[in-house]
2 protein chains.
Amino acid sequence: MSLDGPTMDERVPRDFETLRATILDRRESLPKRIAQIAAYALDNPDDIAFGTAASIAASAGVQPSTLIRFAQQLGFDGFTSLQQVFRERLRERNSSYDERLQALRAKAEGGAGHRAIFDGFVAAASTSLNDISRTLDDAHLEDAISLLAKAQTIYVLAKRRSYPVASYIAYALGKLNIRNQLIESAAGLNAEMIAFATPADAVIAISFSPYAPATIEEARTISEHGVPIVAITDSSFSPLAQFARVWFEVAEADFAGFRSLSATMALAMAMTVGVGEKRRDIGRKRKA
Amino acid sequence: MSLDGPTMDERVPRDFETLRATILDRRESLPKRIAQIAAYALDNPDDIAFGTAASIAASAGVQPSTLIRFAQQLGFDGFTSLQQVFRERLRERNSSYDERLQALRAKAEGGAGHRAIFDGFVAAASTSLNDISRTLDDAHLEDAISLLAKAQTIYVLAKRRSYPVASYIAYALGKLNIRNQLIESAAGLNAEMIAFATPADAVIAISFSPYAPATIEEARTISEHGVPIVAITDSSFSPLAQFARVWFEVAEADFAGFRSLSATMALAMAMTVGVGEKRRDIGRKRKA
DNA sequence: TATGGATTGGAATTATTATTTCATATTCCC
DNA sequence: GGGAATATGAAATAATAATTCCAATCCATA
């Protein structure tokens, strides 16, 4: 308005991260009460998003006017515009991951650099995690864990895309001192390995469409020998579901032609650690 | 207040899901304009959470008074209390994963069943993903991809906990027709394998504390031969960081003693697919 | 088609909330 | 220690938003 005043055209933070950085940056030089509200804002961003100037000021132990001065000091013209940033943050975070994923796919295809690809994989993983925590059936998890906890040896069966999960399960079972056998395809000794399994053992089998024929074949053989199978797969039409005593449907989002493994991993780890716990409990009871 | 009025003690929905169910349930019997705002509310919950009665009404194409009647019909005493439910929903969803993770850890340790364990792993994965998407340096990613895109053969080096990531990288590189060699410990031929690597190749090495000695040893040897290394590790003190041409710091949250792999996986996939793209681009240029 | 009840639109009213102002207190520098 | 500049508190004011009210309209039913 006036020509003499400081022009104040210092960049006003428009997004939360910039704002956060700005605040942290100036933290030292802020007056006491302003610093107090600044700290409160970063600690309780949700309150800023939803509260009224009066309620926030009260929670932070300052006057409403201080809150407004804080906003102005950051370059906003009032509390309301500062609040917008905090609200936008909630919107962003909350905006359906699916939508974001769509956008990112488009962006990546448009050749928007490698950051877009990375963001895409992160979004795919997040989507998958959201999804599975909505859909996982607690009772199935309990069943699977009980079944596996009773097994003498746990066989882990997975090829190709699912193999990383299997190898992590094997690693974790090993660390928990649970006897296990990873059925790899490397040496071609799978048939022999499988022949050792008895109904007192159990199998964790993982396979997604297009199902690796070897996995299906081995699962069939092993189930015909009466060994119970816990399966992780992607649909009720999966051949694995047929052979399994307990099975989980996991829908992983994909990006750039590769599916996420995050949901499968989370489930696999929960099963593994669950079995470890259950075994400890049983051990304790036996002693008592 | 009055004794004669309808007591209105029909359950007022306190959480979003109940509210949603209530609305869907009554949908048929609602008057036209009320139905219109009801549909809008379920389609744009964020707008309800943040907007003012006037702005929402305008977006939905109704009068503010209709919005209030809608709220009252549901048993709320006004728009404001209806809005609370929509705001609470955002808070819930958004409640910092870290806090949730803390709570879940406590719950799981208190022996609250296996669902809590599962939720813990999901939360750990989500936290890690959030973290890495905040901290990843785009320039490093570009550097790593350029470096790997030039390599004749990409060697993938990881043991124990990191091995699943390595195997997924190898799988993905294979699918993309990029020559690669997974350095496994199985047959004990690692030293020989490594000896084949030349400065025209490149290595992706992954290791987290406690760093598997074999990984470190092999990384050292290979870097001494002048083969460039891209490392994924967990701190700048990591011995891997020393040998690496480019390295990434990835902080994975842990739960029940096992770290998530989700952030590492996302980064690994972005690198892999990024290399695939870059190669295609180069191929196209050569032709042109 | 006339009639009563329900529904709707729009403006008036009331309540709430942000912002400004000014007196008082604190801090910092000479 | 004095004085100017800055910071703070509290209440007044202005702005904005929610709610209510009433007239107009629509709709079903006789």
Side-chain angles (χ1 to χ4, degrees), chain A residues 1-2 4-6 8 10 12 19 23 26-41 44-88, chain B residues 1-2 5-6 8 12 19 23 26-41 44-88:
Chain A
M1 225 166 288
S2 65
D4 47 11
M8 269 291 184
E10 40 172 336
V12 178
L19 177 59
I23 292 174
R26 301 202 198 158
R27 186 160 45 170
E28 298 305 324
S29 66
L30 292 174
K32 193 168 58 159
R33 291 274 117 112
I34 308 270
Q36 189 174 328
I37 187 69
Y40 182 86
N44 309 65
D46 288 11
D47 287 356
I48 307 281
F50 290 123
T52 68
S55 72
I56 295 163
S59 306
V62 301
Q63 292 289 327
S65 43
T66 306
L67 179 46
I68 284 157
R69 287 183 196 117
F70 168 58
Q72 290 171 340
Q73 200 146 118
L74 289 167
F76 297 96
D77 53 53
F79 166 68
T80 310
S81 13
L82 170 71
Q83 193 177 39
Q84 286 313 107
V85 175
F86 284 79
R87 294 189 162 181
E88 205 46 51
Chain B
M1 224 169 282
S2 65
M8 270 292 186
V12 178
L19 177 60
I23 293 174
R26 301 200 197 162
R27 184 160 45 169
E28 298 306 322
S29 66
L30 292 173
K32 194 168 60 162
R33 292 281 107 111
I34 308 269
Q36 190 175 327
I37 186 70
Y40 182 86
N44 309 66
D46 287 12
D47 287 357
I48 307 282
F50 290 122
T52 68
S55 71
I56 295 163
S59 307
V62 300
Q63 291 290 327
S65 41
T66 306
L67 179 46
I68 284 155
R69 288 194 270 263
F70 168 58
Q72 289 171 340
Q73 200 146 116
L74 289 167
F76 297 97
D77 53 55
F79 165 69
T80 311
S81 10
L82 170 70
Q83 192 177 40
Q84 286 313 107
V85 175
F86 283 81
R87 292 188 164 180
E88 204 45 53

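Order of the sequence lines sets the chain letters (A, B, ...), proteins ahead of strands, with each chain counted from 1.
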Closest to the A/R69 side chain, choosing from C/dG10, C/dC22, C/dT19
C/dC22
Roughly how many Å is it from CD1 in A/I68 to P in C/dC22, rounded to a whole number?
16 Å
Any base atoms under 4.0 Å from A/L67, or only sugar-phosphate, or nothing? Heavy atoms, all strands.
nothing
Closest-nucleotide ordering on DNA chain D, the 5'-leading residue of A/Q63 and B/G51:
A/Q63
Here the distance between atom P of C/dT16 and atom CD of B/Q83, to the nearest Å, is 15 Å
Go through the side-chain N and O atoms of A/Q36 and A/R33 and say whether any donor and acceptor fall under 3.5 Å apart.
yes
Under 4.0 Å: is that the gap between some side-chain N or O of B/S65 and OP1 or OP2 of C/dT8?
no
Length of the line joining B/L30:CG and C/dT7:C1', which is rounded to integer Å
12 Å
If we only count heavy atoms from C-beta on, is the A/V85 to A/I48 side-chain gap below 4.5 Å?
no
Interatomic distance where CG belongs to A/D77 and P belongs to C/dT19 [whole Å]:
8 Å
May I have the distance from B/I34 (atom CD1) to C/dG9 (atom P), rounded to whole angstrom?
10 Å
Heavy atoms of A/F86 and A/P45 approach each other most closely as CD2-O, 3.5 Å
Let me know the distance between CD of B/Q72 and P of C/dT7, rounded to the nearest Å.
13 Å
Would a 4.5 Å heavy-atom cut-off, applied to side chains only, mark A/I37 and A/R69 as touching?
no
Chain A contact limits on DNA chain D, taken 5' to 3' with a cut-off of 4.0 angstrom to heavy atoms:
D/dA7 to D/dA10
Spacing of CD1 belonging to B/I34 relative to CZ belonging to B/F70, to within rounding of 0.5 Å
8.0 Å
Would you say the side chain of B/Y40 lies within less than 4.5 Å of the side chain of B/V62, judging by non-hydrogen atoms?
no
